[in-house]
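The figures here come from the full heavy-atom set of this structure, side chains too, leaving out hydrogens, waters and symmetry mates. Positions are given from 1, in the same order as the sequence printed here.
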Amino acid sequence: MSPNSASNGALVPFSGETNDSLAVYTLHHGLSRPISRVAISWSRGNSLRVSLFAEPSGSPDAGDGAKVVEVKLGGGDPEIDDADWRRIAYGSVAPFALLQSRRSSISALSKSPSSYHSDWWEHVLQYSKDITSLLAEPKLALNPIIEDPNEIVQNNEEPTCLKAAWELMEIFYVDKQSQAWLPERLVDWLADYDSLFTSTQETIHGKLVDFQNDLVNIQVIEDDPRYWEVMSSALSVGWLDIVVKMLRLHGSYQLDQLSYRELENGLVEAVAVLISKMPRLRHESAVGNLGDCFKSKPDFIKAWEKWRSQITKLDCSPFWIQCDNQQTREGLRNLLQVMLGNTESLCTASCYWIELYISHFLYIRPFTTGIESMYNLAQKCIQLKPPTGTHRLTGLMIGILAENTEVVLAEISREFGPWMVAHAVELLTAGSEQAEILLHDERYNLGGISMMELHRLAYAQVLSSHALTWQIAPIYLTSCMKQGMGLLENLLYRQSVQHNNLLLKNIEICRLYGLDYISSNIMKVAGVYHWKHGRKGAGVYWLQQSQDTNCLNRIAQQLFDSVGKSISDESFKQWEGIIELLGSESKPAGGLEFLHKYRDFKKSLQMVYSGKSADAARQAVGSLILLMKNPSTPQRFWLTLLYDSLKLLNWKDSPLLSVSETHLLLNKLQELSLARQRPQFTEPSLPPQALSSIRLALATNLGRAILDE
């Protein structure tokens with residue numbers, strides 16, 4: 001079907017009113033003519049390469065006829081760019097590998113599953129902290145010398161949904177020590193990440209920021225209804241520091257008004273003191289944060305009851321009647337109602353269901369520990385404060401509160417991609433046997449692998465598809481016992497061998513994981529590649545490293561064609577360098593052993609022809625005898641060797657060959673005469689009188705040697 005047949009001009013026609021979940025990607029191709037053909041192929045990473053071909057036109061001014069556009073598919077995090085994703089990918093390798101190493105060590109030492117689960121969460125918690133520090137992106141903000149009294153909200157770090165989701169799972173699944181003060185952990189979490197929800201609905205953080213921006217234009221702050229509204233909202237979610245700081249902005253604290261607004265200021269200060277002394281069931285509080293912290297529940301209950309009685313006493317105080325400022329009186333009493341846990345006041349103060357949910361734990365159910373009845377309360381808060389938009393974190397939180405591991409896994413996979421799933425499964429299984437069974441059990445419909453292995457393989461595939469991250473994919477593939485090693489082999493074989501650094505990296509990975517046979521094959525491929533592309537020396541080197549006897553023998557056969565020529569031939573210099581690469585202490589395979597020895601013989605012979613002494617001639621004769629005795633010397637080169645040695649055989653001063661050595665050469669010459677009768681024998685390219693000259697020289701040398709002896 002033509003891509004322009006759809007009424008909306010889409011490449012694939014669809015209805016915008018459909019209820020199906022469709023991902024729509026807009027292509028900015030810039031082609032002026034209608035598109036006649038589309039070709040789609042995979043690009044690097046999680047991207048598609050779309051080739052668009054316009055309809056042909058006879059006019060030369062019709063514009064471009066085709067365009068190639070790269071489309072990045074969903075599954076990543078829009079808040080984090082590619083460079084940061086690579087930083088996170090590389091940074092998470094060390095914590096992941098360390099955790100897998102600890103898992104193997106503990107599993108080997110632990111005989112009973114109970115002892116494994118009792119302290120495993122501590123290792124996972126350390127792993128989670130390492131990942132959290134990796135996800136943090138501090139803003140480079142300058143600390144002012146003089147603090148701005150009108151600054152209510154401070155942001156030292158740019159929050160991301162990825163980090164928020166990770167910390168949320170750490171709170172519920174990993175940190176067993178904080179289960180007793182779980183609501184307080186949620187208060188801290190919301191304080192850090194409430195701003196993220198501003199994209200889909202109104203939030204307390206957004207209201208505070210808006211009020212802070214308008215603060216410079218407000219003359220009398222306590223007469224502005226928004227002043228009391230944002231304070232009630234901040235107090236409802238436990239942001240005590242902000243509330244107390246805003247109370248101190250009240251006009252009654254000004255020196256010129258303190259004398260005639262003393263009662264009003266006393267009420268404001270009394271409420272501020274009560275807020276700053278609010279009991280908190282938590283291990284410890286950040287430096288400078290308000291509230292009295294209690295580690296044990298009995299001490300907290302006692303302090304809570306005392307604090308509540310003080311609020312009730314202040315709420316019933318007759319001083320309210322004497323307060324003339326209606327805005328101050330109503331605003332302060334509303335703050336007291338929030339602290340007394342008035343449901344209507346909390347519902348009014350909060351903006352969406354998560355804020356209302358946390359306010360219930362602070363003021364209505366302060367003695368809640370653990371995850372008991374949390375899901376039912378969340379459903380109730382959703383009914384009271386229906387969400388105005390769908391956010392990435394709400395589905396994850398509901399899945400966590402419902403204790404539904406499959407929903408949590410689906411949410412993080414859909415919203416945060418393969419990196420999150422591959423690393424977060426360690427959090428889900430920390431101390432939870434049900435989650436461990438779900439994620440570790442092998443499934444027939446997945447090809448006999450577990451869900452954990454499936455998600456690691458998916459993440460490894462994403463890493464493998466990019467040139468900058470494929471090096472860390474083996475860490476995850478080797479943790480997959482069923483299919484990981486097979487995919488690792490495919491990954492290593494796919495890497496290019498033409499770049500030396502990449503080749504060395506590939507071989508090093510093979511060494512680390514004990515894949516010697518893959519390393520040998522890769523070096524063999526590299527040797528053949530370099531040899532075929534004219535880099536003969538590199539080819540011989542890598543083939544030697546792979547110990548590929550067959551390829552080395554075939555190369556030796558090619559070199560033999562250059563060997564069987566006269567010493568004056570320039571072809572000697574072409575192959576001499578390759579033989580030099582073998583080294584004097586190397587153990588070349590097959591026919592290369594002959595070439596190595598022949599190289600030494602040629603060097604000695606060159607010294608003789610250049611007018612050197614008799615010692616050089618005797619050394620050349622020694623090399624000749626070794627060559628003729630060695631079984632690796634091909635028979636078709638015997639005659640060439642003897643012809644190149646005519647000067648040695650006819651040495652004027654005295655015979656260089658003994659009687660036995662001369663008989664050896666004569667016997668070789670006789671064997672060669674018999675071999676020439678075979679049809680497969682290859683005649684060397686020598687002058688016609690070469691054989692006669694050799695026979696005459698050997699006979700003469702034999703006679704002279706007999707006379708000398």
Side-chain angles (χ1 to χ4, degrees), residues 536 540 552-582 588-610 612 616-651 655-658 660-702:
K536 309 275 186 195
V540 171
L552 288 173
N553 283 335
R554 286 196 293 270
I555 290 176
Q557 292 298 324
Q558 295 182 28
L559 294 178
F560 290 161
D561 296 334
S562 301
V563 171
K565 295 184 178 180
S566 174
I567 188 170
S568 61
D569 197 337
E570 290 296 326
S571 64
F572 174 74
K573 296 180 180 179
Q574 298 178 8
W575 59 262
E576 184 184 19
I578 299 177
I579 304 305
E580 189 71 31
L581 292 174
L582 299 176
L592 289 183
E593 184 181 2
F594 159 70
L595 296 180
H596 183 70
K597 295 181 181 298
Y598 189 80
R599 186 273 316 267
D600 297 337
F601 169 68
K602 281 284 190 178
K603 284 187 174 181
S604 301
L605 208 58
Q606 281 179 329
M607 295 173 65
V608 174
Y609 275 81
S610 61
K612 299 295 181 181
R618 293 189 183 91
Q619 184 178 355
V621 168
S623 298
L624 173 65
I625 298 302
L626 288 176
L627 278 171
M628 298 303 288
K629 285 183 176 180
N630 198 314
S632 67
T633 302
Q635 197 175 49
R636 65 190 181 97
F637 293 114
W638 290 355
L639 196 60
T640 303
L641 288 170
L642 294 174
Y643 184 75
D644 286 343
S645 306
L646 280 176
K647 187 172 183 179
L648 301 175
L649 300 178
N650 295 318
W651 196 254
L656 298 177
L657 280 77
S658 65
S660 59
E661 291 172 340
T662 309
H663 278 300
L664 170 67
L665 298 182
L666 288 171
N667 291 335
K668 293 292 184 181
L669 200 60
Q670 183 64 27
E671 291 180 27
L672 189 61
S673 300
L674 297 175
R676 294 175 70 180
Q677 307 301 321
R678 304 191 189 103
Q680 67 270 23
F681 183 79
T682 303
E683 287 283 354
S685 55
L686 295 174
Q689 71 279 10
L691 181 58
S692 301
S693 300
I694 294 171
R695 284 176 175 171
L696 178 60
L698 286 174
T700 304
N701 186 86
L702 179 60

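With values rounded to the nearest 0.5 angstrom, Leu627 atom CG is found 5.5 Å from Leu641 atom CG. How far CZ of Phe601 is from CD of Gln606: 10.5 Å, rounded to the nearest 0.5 Å. Rounded to the nearest 0.5 angstrom, Leu657 CG and Ile625 CD1 are separated by 5.0 Å. Distance check: Leu605 CG to Gln619 CD gives 11.0 Å after rounding to the nearest 0.5 Å.
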Validation: residues 663-674 side-chain donor-acceptor distances under 3.5 Å, sequence neighbours left out:
from   : atom 1 : to     : atom 2 : distance (Å)
Asn667 : ND2    : His663 : O      : 3.2
Lys668 : NZ     : Met628 : O      : 3.2
Ser673 : OG     : Leu669 : O      : 3.1

Output side-chain donor-acceptor pairs under 3.5 Å for residues 693-700, partner residues at least two apart or in another chain, one line each.
from   : atom 1 : to     : atom 2 : distance (Å)
Ser693 : OG     : Gln689 : O      : 2.9
Thr700 : OG1    : Leu696 : O      : 2.8

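Nearest heavy atom pair, residue Ser623 against residue Ser604, reads OG-OG, 4.1 Å.
Not counting sequence neighbours, Ser692 has no partner by the side-chain hydrogen bond (donor to acceptor under 3.5 Å, both in side chains) test. Judged as a side-chain hydrogen bond (donor to acceptor under 3.5 Å, both in side chains), and not counting sequence neighbours, Ser645 has no contacts. Here Ala617 pairs with Val608, Leu648, Trp651, Leu656 under the side-chain contact (heavy atoms from CB on, under 4.5 Å) rule; sequence neighbours left out.
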